[in-house]
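Following: one structure in structure tokens, then a few remarks.
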Amino acid sequence: DAGVIQSPRHEVTEMGQEVTLRCKPISGHDYLFWYRQTMMRGLELLIYFNNNVPIDDSGMPEDRFSAKMPNASFSTLKIQPSEPRDSAVYFCASSFLVETQYFGPGTRLLVL
Amino acid sequence: GEDVEQSLFLSVREGDSSVINCTYTDSSSTYLYWYKQEPGAGLQLLTYIFSNMDMKQDQRLTVLLNKKDKHLSLRIADTQTGDSAIYFCAESIMKTSYDKVIFGPGTSLSVIP
């Protein structure tokens with residue numbers, strides 16, 4: 001298996017623009033997680049899905065952030081409008097059991 | 001509460017043993033984990049221990065769990081320069097209807113040649 005695939009790997013955008021991050025989990029995994037990592041706040045869980053259904057979205061910062069999982073092999077995290085404070089590395093992870101998570105390489109987002 | 005704490009930095013000489021410590025607060029933890037993050041990469045699961053175990057050994061890695069003190073440690077024997085990375089401690093806890101994994105802030109390990 002290719003592991004968790006994230007795209008794009010790097011994204012530079014201007015404040016106010018819409019940003020869409022994409023994730024393909026490992027086949028057969030029924031949990032999918034979105035995390036944000038910054039120097040100041042460390043690793044934060046934003047939202048996670050089980051069988052495509054959002055289970056815990058308490059970490060989503062505000063209404064500008066939304067996540068979807070239309071099917072078992074694809075998820076998106078959207079920021080609209082983006083702000084400079086959203087600059088971070090965004091990780092997607094998947095797992096068969098919630099405990100053993102496999103992380104993707106991350107998307108480095110820079111909002112100017 | 002849900003909190004996992006780690007010291008932020010550790011520096012050791014190549015060939016020495018490294019010990020990375022972690023404390024957690026939730027007594028209902030089921031599993032505890034150690035993840036490794038190399039520069040520019042995602043987190044990689046190194047090892048994990050079930051909460052009813054005291055110790056787990058896997059090649060150069062030894063995990064010790066003191067459930068009474070809610071203390072977890074990772075010992076890396078014969079530390080190599082390739083072990084330089086950030087190490088995250090994490091615990092899984094049972095919420096009322098689902099499991100949740102809480103990560104610590106990470107310990108940056110620097111190995112001096």
Side-chain angles (χ1 to χ4, degrees), chain A residues 1-10 21 23-26 29-60 88-110, chain B residues 1-9 20 22-24 26 28-53 56 58 63 65 72 85-109:
Chain A
D1 200 311
V4 175
I5 298 172
Q6 291 186 246
S7 65
R9 293 294 309 277
H10 302 270
L21 311 181
C23 175
K24 178 177 167 42
I26 293 172
H29 284 186
D30 46 13
Y31 288 89
L32 184 138
F33 307 80
W34 282 102
Y35 290 90
R36 178 172 67 177
Q37 187 178 39
T38 61
M39 290 290 291
M40 292 298 295
R41 300 171 70 95
L43 191 67
E44 303 172 277
L45 175 65
L46 300 177
I47 185 170
Y48 85 88
F49 296 83
N50 178 219
N51 292 322
N52 313 339
V53 176
I55 301 299
D56 182 356
D57 64 354
S58 59
M60 294 288 265
V89 182
Y90 290 81
F91 288 104
C92 176
S94 72
S95 67
F96 176 63
L97 300 172
V98 71
E99 296 90 359
T100 311
Q101 299 178 27
Y102 293 84
F103 282 72
T107 295
R108 297 181 183 281
L109 173 64
L110 177 61
Chain B
E2 305 168 359
D3 198 15
V4 177
E5 294 186 352
Q6 304 175 237
S7 54
L8 298 183
F9 301 98
I20 303 171
C22 167
T23 57
Y24 58 97
D26 199 302
S28 68
S29 298
T30 51
Y31 289 90
L32 295 117
Y33 309 85
W34 286 103
Y35 281 81
K36 177 183 180 182
Q37 184 181 29
E38 295 181 348
L43 279 69
Q44 173 194 1
L45 179 65
L46 271 184
T47 187
Y48 64 93
I49 188 168
F50 190 51
S51 58
N52 68 355
M53 296 171 62
K56 181 177 180 181
D58 184 2
V63 178
L65 174 60
L72 183 75
I86 301 175
Y87 290 81
F88 290 87
C89 171
E91 61 167 342
S92 69
I93 58 175
M94 287 287 294
K95 305 287 273 185
T96 52
S97 59
Y98 61 91
D99 294 327
K100 187 172 182 179
V101 177
I102 310 294
F103 284 84
T107 298
S108 179
L109 173 65

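Sequence lines set the chain letters: A, B, ... in the order given, protein chains first and strands last, and positions in each chain run from 1. Heavy atoms only: backbone and side chains are in, while hydrogens, waters and symmetry mates are out.
For the atom pair CG (B:Leu45) and NZ (B:Lys36), the distance works out to 12.5 Å, reported to the nearest 0.5 Å. Considering OH of A:Tyr48 and CD of A:Gln101, their distance stands at 9.0 Å, rounded to 0.5 Å. Atom CD1 of B:Ile20 is separated from atom CZ of B:Phe9 by 13.0 Å, given to the nearest 0.5 angstrom.
For the residue pair B:Ser92 / B:Thr30, a side-chain donor-acceptor distance below 3.5 Å is found, with atom types taken as modelled.
Your options are A:Gln37, A:Gln6, A:Arg108, A:Arg9, and the one with the most heavy-atom pairs under 4.5 Å with chain B is A:Gln37.
B:Gln44 does not touch chain A: none of its heavy atoms, backbone or side chain, sits under 4.5 Å away. Proximity to chain B is limited to the side chain of A:Tyr35, based on heavy atoms less than 4.5 angstrom apart.
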